[in-house]
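The next block holds one structure in the form of structure tokens; read it before the comments.
So that the names make sense, note that chain A is the first sequence line, chain B the second, and so on, each numbered from 1. Note that these values count all heavy atoms, side chains included, but never hydrogens, waters or copies made by symmetry.
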Amino acid sequence: MSEVSRPLDALNEARGKRVIIDLKNGRQYVGKLRAFDIHINVVLEEAEERADGEVKRKMGTVFLRGDTITIISPQV
Amino acid sequence: MSEVSRPLDALNEARGKRVIIDLKNGRQYVGKLRAFDIHINVVLEEAEERADGEVKRKMGTVFLRGDTITIISPQV
Amino acid sequence: MSEVSRPLDALNEARGKRVIIDLKNGRQYVGKLRAFDIHINVVLEEAEERADGEVKRKMGTVFLRGDTITIISPQV
Amino acid sequence: MSEVSRPLDALNEARGKRVIIDLKNGRQYVGKLRAFDIHINVVLEEAEERADGEVKRKMGTVFLRGDTITIISPQV
Amino acid sequence: MSEVSRPLDALNEARGKRVIIDLKNGRQYVGKLRAFDIHINVVLEEAEERADGEVKRKMGTVFLRGDTITIISPQV
Amino acid sequence: MSEVSRPLDALNEARGKRVIIDLKNGRQYVGKLRAFDIHINVVLEEAEERADGEVKRKMGTVFLRGDTITIISPQV
Amino acid sequence: MSEVSRPLDALNEARGKRVIIDLKNGRQYVGKLRAFDIHINVVLEEAEERADGEVKRKMGTVFLRGDTITIISPQV
């Protein structure tokens, strides 16, 4: 475990990397993490919307409003 | 990836361009991004409401309250 | 597109005009926009409540609490 | 349309008059508007709870928490 | 109608009296109003939980979190 | 009725005692009240999760996020 | 019962230990607690997503947005 102690530090480490984001409505977005703020508003690039493991939409840049996000995880 | 690091910068780049906006209630709006604020309240022009890929209403100008928005994506 | 850049400016332009307001619960209100504030609390006059395109109630003045509103659009 | 421009002014005009209040849970309250605040917390007197147009409960005084309210309309 | 004009004044008048409280989840609590605050967090004493008009639980003291409350009404 | 007038005073009296906590999602937690704050975030010790009156999980220490709580009641 | 009196102290004690986190949407995450903040945003490491007691996804690092969390409990 690294010495990082604040949740946003973990998002900062993920900047420029591909992340998976789940929304409250069940949709999933995968893309390169370009930006985020303290409200957890997020911008992804080269993004895709997925449902049930399948790509539904190719989206380029996408802004996700923070209060609709449940989890953000760097792709392993 | 550009050097932009804040989510609202991405919305600023989209100003005057056509964007797709999904709401929590499943509705989708497509139009030219005229204005937004820190609450992600948005105004679109030449807007259409869509459901299941079909145009449901032509709306001209439409104000969308931020807390009902899930994602905003410039049309590719 | 006009030079207006803040979402509330668009509501201000609609003052005194007939607007359509959709709520999160699926109801729709149509009336003359008399007042709004930064919470998007709104007052309509000569208002009607509609469901499925039909008028359900004639309401005169109606106060709509902002957090229940999804969109506001001037009638075209 | 009067010269009033803030939503709470419309509630102020309705003070002491009978109003209809719809809640997010579908219930409806009708009574004399005694008090409200900026959160749209409201107190009605001589109040009734209605469902499907029928009186369900006579309630005397009732305090309604603002965030459960969708609309407030003076009876016409 | 008394000269009271703020909603919390009405709750203050009900202090020490039996009130009915409805929650967003459909449950109802009846008890003596011991305390409340500006968030409408409430404490009842000699409280009962009711559903469909029947007593489900005798609870003694109960703390109700404000944001789950829809209405509070003194028993008539 | 004691002279206590603020809701959090009632929680303070319950510190170290067994309480029942109901969540918005219908789950129930029973345990010794170790800590709470103004957001009604709560920590229980020797806690159990219950559903329909049956123990589902023994949990030791559990942190409950305030905004998911509906009621807190000392066991009688 | 220890002398700790604030809920976040209990989370602090759990730092570096495995915890179970339940979300409002019914999903469960198990992992090592690396970080949290006052909004209860949390970062887990060596995390797994579970449903009905089965591992659904191995996730490495995962950021969980606070307002989607219901409970956090150190594994016993």
Side chains of F:D22 and E:E49: closer than 4.5 Å at any heavy-atom pair?
-> yes
Using non-hydrogen atoms and a 4.5 Å limit, figure out which bit of F:L11 sits close to chain E: side chain, backbone, both or neither.
-> side chain
Among E:V62, E:L23, E:L64, which has the most heavy-atom pairs under 4.5 Å with chain F?
-> E:V62
Which atoms of F:I20 come close to chain E, meaning under 4.5 Å heavy atom to heavy atom: side chain ones, backbone ones, both, or neither?
-> side chain
In terms of heavy-atom pairs under 4.5 Å with chain F, which of E:N41, E:L44, E:N25 leads?
-> E:N41
Ion pair check, F:E48 and F:K58, cut-off under 4.0 Å | yes
Check ion pair F:E13-E:R34 (N to O, under 4.0 angstrom) | yes
Is a side-chain donor or acceptor of E:R65 paired with a backbone partner of F:H39 at a separation under 3.5 angstrom?
-> yes
